[in-house]
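Remarks on the structure that follows.
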Amino acid sequence: QIVQEEKAGVLNVGFRVQDAGIGMSPAHQRNAFERFWRADESGNVPGTGLGLSIVKEVMRVLGGSVDIESTLGFGSVFTLWLPHARVSLIKP
């Protein structure tokens with residue numbers, strides 16, 4: 001899903017991606033972008049814990065950001081925000 005939002009005179013375009021994974025608690029969300037951090041500590045879910053840290057770094061380099069909305073046990077929604085265009089807040 002593609003969404004847009006204006007912040008500080010910049011129109012941002014967001015690409016929203018939803019999964020049906022294990023979800024994350026608010027405490028997990030605070031750590032989600034740390035390298036090698038895994039929400040599932042049991043080892044039952046494959047992965048290295050690098051994916052979200054790479055996504056965050058790529059978004060930073062592109063001048064954007066990433067948001068998480070998640071509920072433990074119900075999956076997550078990630079929105080990748082990219083600056084699109086300058087918009088004037090003062091009408092001529």
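What you see is a predicted model, and the numbers here were worked out from it, not measured in a lab. Here, residue 1 is the first one in the sequence, and each next residue gets the next number.
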Gap separating the CD atom of Q1 from the CZ atom of F15, nearest 0.5 angstrom: 12.0 Å

Main-chain N/O of G23 paired with S70 side-chain donor or acceptor, under 3.5 Å: no

Verify same cluster id: V55, F36 (apolar side-chain graph, 4.5 Å): yes

Point-to-point distance, once rounded to the nearest 0.5 Å, from CD1 of I54 to CE of M59: 14.5 Å

E57 CD to L62 CG distance, which is reported to the nearest 0.5 Å: 10.0 Å

Residues that R30 engages under salt bridge (Lys or Arg N to Asp or Glu O under 4.0 Å), provided they are two or more places apart: none

ILVMFWY network linking L82 to V66, side-chain heavy atoms under 4.5 angstrom: yes

Check: S76 main-chain N/O paired with D19 side-chain donor or acceptor under 3.5 Å: yes

Qualifying residue, where the test is side chain to side chain contact (heavy atoms under 4.5 Å, CB included) with V3 and the options are V13, T79, N12: T79

Backbone of M24 reached by a side-chain donor or acceptor of Q29 within 3.5 Å: yes

Same cluster (ILVMFWY, side-chain, under 4.5 Å), L72 and I22: no

Heavy-atom donor-acceptor pair, T71 side chain to F74 backbone, under 3.5 Å: no

K56 NZ to L80 CG distance, which is reported to the nearest 0.5 Å: 12.5 Å

Cluster link V58 to W81, ILVMFWY, side chain under 4.5 Å: no

